[in-house]
Amino acid sequence: MKAKYWITVGLAGSIALTGCKKDFLEAEPSQFVSAEQLQRASEQDPGLLNGNIAGLYTTMYNTGVGGTTGHDDFGQKGIDIYTDMLCSDMVLGGVNYGWYETVARYQSTLDFTRNEAYIPWRYYYRIIFGANIIIDALGGTDFEPTEEDKRQIMGQSKAMRAYGYFYLSQLYAKEYGDGNAKTLPIYKDTKVPNQPKSTTKEVYDLMISDLEEAITYLDGFTRTTKDQVDQNVAKGLLAYVLASRGTSADWARVETLTAEITAEYPVTRKSEAVGVVTALSGVPATNPESGFNNIATASWIWGVDLTLASDIDLISWWGQVDYFTYSYAWAGDPKVMDRGLYNTMRTDDIRRGQFHSTMRPLYKFFAPARVIGGQRQVTTDLLYMRADEFYILNAEAKARQSRDNDARTALKNYLTTAERIADVSYIDALSGQSLLNEIYLQTRLEFWGEGKSYLAMKRNKATITRGTNHLFNAGQSYQYNANELTFLIPQAEVLNNPVLND
């Protein structure tokens with residue numbers, strides 16, 4: 001896949017629900033900047049590099065960044081919905097408008113002509129190409145900057161490149177395996193022509209190298225907004241990459257990384273996790289810190305502060321998931337929790353309170369005013385990463401190293417500190433695989449709707465079973481490496497990259 005990094009000048013304005021349907025036509029803006037142009041311009045104005053890295057972060061939530069006009073094409077959070085549905089923890093509760101239906105039916109993963117197979121590929125390679133433009137302008141992938149500001153920009157760019165390859169490695173490869181399978185083309189700069197698939201090992205080696213360098217370059221970097229990658233974000237991404245490969249040395253490093261992150265960030269408190277309301281609609285929660293809608297939440301490590309100037313509307317995560325936003329979730333295509341997963345929650349688990357009896361997440365994710373279908377211009381913020389992920393991943397790392405007592409202690413401490421479960425004594429009886437199963441379950445329960453369960457499913461080599469409230473394939477089970485759970489490389493890449501399989 002070889003494409004130029006397109007700079008979008010203007011994206012969609014208001015879009016009404018009435019008459020919405022899928023549009024498979026791809027629209028390209030007509031302006032782009034090369035690495036050479038950026039390098040020359042930044043010599044005159046070094047601040048342009050900051051502007052370009054800021055533009056890369058904007059790509060993560062803009063509409064159409066996957067190359068389509070679809071209402072499921074809005075960057076990282078759109079793909080989070082894909083993955084939550086693929087692992088079946090999120091249920092598509094209606095098909096009045098059609099978005100996500102082919103994902104929920106497992107048609108998109110079995111048919112490389114589907115737009116849903118193309119959107120993640122296009123989006124993540126767009127991120128990679130954008131990162132490479134900045135890396136090239138700084139001197140290239142092997143260049144080590146000495147000036148502090150350029151080191152920080154290089155660190156952010158390399159972390160973003162690794163972020164793109166990590167999600168591609170999860171979505172388009174079934175597993176790491178022995179590392180010898182040919183999986184993805186690698187692009188380290190903007191000058192090379194189409195590339196063939198590299199091995200999984202080569203992809204992982206690049207991701208790990210990029211993230212280790214990013215951690216070094218970002219030492220001492222104090223970001224101004226949480227949409228920027230800092231050292232903790234880079235550490236979090238590296239922890240995920242290593243955990244997905246899963247060697248003994250990897251898990252030891254994951255334990256260290258997660259401990260460093262959790263030393264910097266608190267857990268998401270009980271009052272932040274569950275909204276307390278006196279009426280379903282029109283009455284804000286009595287704990288306004290709830291709703292998973294505010295970038296200022298202390299446990300949020302990476303996310304974006306949406307404002308009216310962001311110009312985000314129906315085509316957004318909130319426009320697909322939130323009952324209290326002018327949304328598909330309100331208008332007839334709700335996104336709900338798998339009933340089987342809900343039933344695994346203990347009776348004293350406060351996360352039961354995040355869900356309505358219909359399994360809608362009415363008390364987990366919501367616009368603050370809580371008016372049904374009320375938020376039209378989206379100003380509720382987007383979450384990419386929070387500290388709780390690494391509290392639980394730290395317990396998993398200890399269990400993977402056969403240190404069950406340490407893992408039990410870590411898991412109990414998290415659940416107790418976060419006030420998720422009143423009585424955690426049942427964990428004392430767990431060991432080996434049963435302990436790993438519990439950690440995996442707690443990952444699914446804690447991060448429902450946040451795009452993390454699919455990653456956990458793959459690294460745990462889990463088998464999923466769809467609950468009774470799925471519209472399609474209810475009761476069916478799928479192993480983590482089933483064809484239904486991983487996308488095929490899309491038709492556009494197969495047709496346009498003649499050396500793909502060389």
Side-chain angles (χ1 to χ4, degrees), residues 11-21 61-63 70-78 80-81 84-85 90-100 227 268 271-297 300 303-337 351 353-384 448-451:
L11 289 171
S14 292
I15 300 172
L17 273 168
T18 53
C20 291
K21 67 176 184 176
Y61 62 86
N62 267 342
T63 59
H71 290 198
D72 55 347
D73 185 355
F74 44 85
Q76 179 58 48
K77 298 305 292 182
D80 284 348
I81 297 175
D84 280 340
M85 286 189 178
M90 180 180 281
V91 176
L92 179 62
V95 291
N96 292 287
Y97 296 93
W99 302 109
Y100 303 100
D227 64 334
T268 302
S271 64
E272 295 167 330
V274 182
V276 179
V277 301
T278 58
L280 176 62
S281 180
V283 179
T286 59
N287 51 336
E289 66 271 25
S290 63
F292 285 83
N293 53 35
N294 190 349
I295 193 71
T297 305
W300 286 27
V304 60
D305 180 12
L306 295 183
T307 66
L308 288 175
S310 305
D311 196 25
I312 302 299
D313 203 325
L314 173 66
I315 308 176
S316 64
W317 186 89
W318 291 95
Q320 286 289 356
V321 174
D322 180 34
Y323 192 52
F324 302 98
T325 293
Y326 183 78
S327 69
Y328 289 102
W330 153 65
D333 287 5
K335 317 303 187 295
V336 305
M337 189 184 212
R351 290 168 297 200
Q354 293 176 331
F355 299 90
H356 187 261
S357 60
T358 59
M359 298 293 100
R360 291 175 182 256
L362 301 188
Y363 312 101
K364 180 174 183 179
F365 306 115
F366 51 84
R370 289 189 62 86
V371 174
I372 296 173
Q375 179 179 223
R376 189 66 175 89
Q377 295 294 123
V378 173
T379 56
T380 40
D381 299 335
L382 297 177
L383 170 63
Y384 302 142
W448 185 92
E450 298 177 45

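Fair warning: this is a prediction, and the values are worked out from it, not measured in the lab. We count residues from 1, following the sequence as given. All heavy atoms count here, side chains included; hydrogens, waters and symmetry mates do not.
Using the six-membered ring where Trp is involved, His71 and Trp99 have ring planes that are parallel, under 30° apart on the 30 and 60° scheme.
Side-chain atoms of Gln375 and Phe366, non-hydrogen and from C-beta on, never get closer than 4.5 Å to each other. Side-chain atoms of Asp72 and Ile81, non-hydrogen and from C-beta on, never get closer than 4.5 Å to each other. With contacts defined as side-chain heavy-atom distances shorter than 4.5 Å, the pair Ile372/Phe324 qualifies. The closest side-chain heavy-atom distance from Asp381 to Asn293 is not below 4.5 Å. With contacts defined as side-chain heavy-atom distances shorter than 4.5 Å, the pair Met359/Val91 does not qualify. Looking at Tyr100 and Asp333, their side chains never come closer than 4.5 Å, going by heavy atoms from C-beta outward. Using a 4.5 Å cut-off on side-chain heavy atoms (C-beta onward), Lys335 and Met85 make contact. Here the side chains of Gln76 and Tyr61 are not in contact, with every heavy-atom distance at 4.5 Å or above.
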With side-chain contact (heavy atoms from CB on, under 4.5 Å) as the criterion, how do Arg351 and Trp448 come out once you've worked through the C-alpha distance, each side chain's angles and the decisive distance to 0.1 Å? CA-CA 10 Å; Arg351 290 168 297 200; Trp448 185 92; over 6 Å; no
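Taking CD from Gln320 and CG from Asp80, the interatomic distance works out to 13.0 Å, rounded to the nearest 0.5 Å. Considering CD1 of Ile315 and CG of Asn62, their distance stands at 11.0 Å, rounded to 0.5 Å. Of the inter-residue distances, the one linking Phe74 atom CZ with Leu314 atom CG reads 9.0 Å to the nearest 0.5 angstrom.
In this structure, the side chain of Lys77 does not engage the main chain of Tyr384 through any donor-acceptor pair within 3.5 Å. No donor-acceptor pair closer than 3.5 Å links the side chain of Arg370 to the backbone N or O of Ala279. For the pair Asp84 (side chain) and Gly451 (backbone), a donor-acceptor distance under 3.5 Å is present.
The side chain to side chain donor-acceptor pair (under 3.5 Å) pairs that include a residue from residues 273-286 number zero, where partners must be two or more places apart or lie in different chains. Sorted by first and then second residue, the salt bridge (Lys or Arg N to Asp or Glu O under 4.0 Å) pairs involving residues 272-282 (not counting sequence neighbours) are Arg269-Glu272.
The two residues Asn294 and Thr297 come nearest to each other via the heavy atoms O-OG1, 2.8 Å. A pairwise comparison of heavy atoms in Val378 and Leu306 identifies CG1-CD1, 3.9 Å as the closest pair. Residue Ile295 comes nearest to Asp305 through the heavy atom pair CG2-CB, 3.8 Å, listed as atom of the first residue, atom of the second, then distance. Contact between Ala285 and Gly275 at its shortest, heavy atoms only, is CB-CA, 4.5 Å. Heavy-atom minimum distance, Ser271 versus Ser290: O-CB, 3.4 Å. Across Asp322 and Phe365, no two heavy atoms sit closer than the pair OD1-O, 3.2 Å.
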